[in-house]
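Right, one structure below, let's go through it.
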Amino acid sequence: MVIWSRIRKDFPVLNELYDGKSLIYFDSACMALKPVQVWEAMEYYYKYLGACGGAGRSTHSLGVETSLLTEEARDKITNFINAESSNEIIWTRNATEGLNLVAATISLEKDENVVTTTLEHHSGMLPFFKRCKETGSELRLVEAKEDGTLDPADFEEKIDDKTKIVSFVHASNLTGTVAPLKEVVEIAHEHGALVISDEAQFAPHQKLDVRAIDVDFCVLSVHKACGPTGIGVLYGKYELLESLDMFLVGGDVIEDVVYEGNNVIPKYLPPPHKFEAGLQNYGGMLGAGAAIDYLQNIGMDNVHNRELSFSKRLLEGILELDKFEVLGPLDYKQRAALVSFRPKSDAVNHNDIVEYFNELVPNHKILMRSGNMCVHPFQYQIGIKPNKGEGVVRASLYIYNTVNEIEIFLGALEDFAKAIE
Amino acid sequence: MSSFKERNIECILAILKKQNPATTKEIMAMRDLFPDLCAGCSSGGDVILAGKELVEQGVVEREWTSTGFVWKLISSHDENT
């Protein structure tokens, strides 16, 4: 049994006053807070190692320990998503870099197409938009439904035998929608197309099994999973990674660079190392490993069940007030633990709402995010115009939040609704 | 060349010199009048940050009302008044 009050104590920032007020952190979809265990793991690297790791680089004691610990962290990620081999796990700076890596290096001919959706984070759409523009290939968009859900039948319509890859988000950072990934993978594979899924908002919250889903590539955002910033993960099936060209080249990716007849002949390492050019974020890797340990110790089923209860209360509470329009499905079971909303009255700018909760709630600072969450196309689709300054407020929760915090927030939201009448 | 932050501050000042006081919503709507200055992220978070910086500097006052925050350029800093 998880003692959640103990979990909360691992996040010191939540136990401190800020400007004399208690913090209620509802911005985990942007950035999760970091437990003590994560920064202790990073501190260990910076304090006691601080050396190069990587494929056969430094063979002294500090280098060897760095390499061992970073490869151990790679193994933890492998296990976390049930990949077949740690050679399928590539360290990147963030999820965005992983999406760019695949979009930039996958073979794509002019007569082929790429399928994505209007619900994508810009990071899942724009790398493929850019690549299609370069190759003259078609980018096909599956429109999400008005309630933010995605229908596999719409993918059936867009995917054909000329589809090279489907890029889509497993859990939306805007609507919270959890998409039918497995069904879409099956449709894509029937046509010989590949699938890359954006797991930034899914993997930190629910158990991800890449082999059961049979997804070809996916990206993870470590900083949304209690880990450090500046480190992400790209997963790819090994034979696909072997076939991909490199995104960056330089040190650490080669077995040899032969000089012969006034020419250089590079011989590259196999995956994952051929994709990890230059010295890496070793401290971040250790922090990532510690974050995965932390979540695994809690148990991803426990994380998911707790968040379901949060989603239920948060969603129902906001809807009961009848003053706010909620984006995304109204069934809490169909969504992640986040709710994006805006006042029905349109009297107040969304940025003011977040600032109100940051500054004007008695005794608490309730920290949320306002804006368009890097998902502009879907908002234009449903009539919210980012170019006219329109947007939403997002409350997103994680393992360290409590039901009491949700009640405090809902009480403050009711007061806010009265304040703008 | 002004930094991103400096341009956002200049953007708010330019808007408040045109309409003083103004709500956040009004400021957001008027950004199109100064496309060179107000080139920040369309979601407007940068507008709030720049406005708060001006409040800290004592150049602008901010008050909560039923239409959101109202931003007011303090008269000693308003060259037009």
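First the proteins, then the strands, lettered A, B, ... as listed; each starts at 1.
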Crowded around [X] [atom1]? As in, over 12 foreign heavy atoms under 6.0 Å?
| X | atom1 | value |
| --- | --- | --- |
| A:F129 | CZ | no |
| A:K344 | NZ | yes |
| A:K365 | NZ | yes |
| B:R62 | CZ | yes |

Under 4.5 Å heavy-atom distance to chain B, tell me which part of [X] shows up: side chain, backbone, both or neither.
| X | result |
| --- | --- |
| A:I353 | neither |
| A:E421 | backbone |
| A:Y356 | both |

Residue pair A:N351, B:M28: steps toward the side chain to side chain contact (heavy atoms under 4.5 Å, CB included) verdict:
CA-CA 10 Å; A:N351 292 298; B:M28 295 288 286; 4.0 Å; yes
To the nearest 0.5 Å, what is the distance between NZ on B:K52 and CD on A:E359?
4.5 Å
Mind checking the NZ-CG spacing from A:K388 to B:D32? Nearest 0.5 Å is all I need.
6.0 Å
Any side-chain heavy atom of A:D346 within less than 4.5 Å of one from B:K25?
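A:D346 reaches B:K25 side chain to side chain.
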Under a 4.5 Å cut-off applied to non-hydrogen side-chain atoms, are A:D352 and B:W64 in contact?
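A side-chain contact exists here, since the closest heavy-atom pair is under 4.5 Å.
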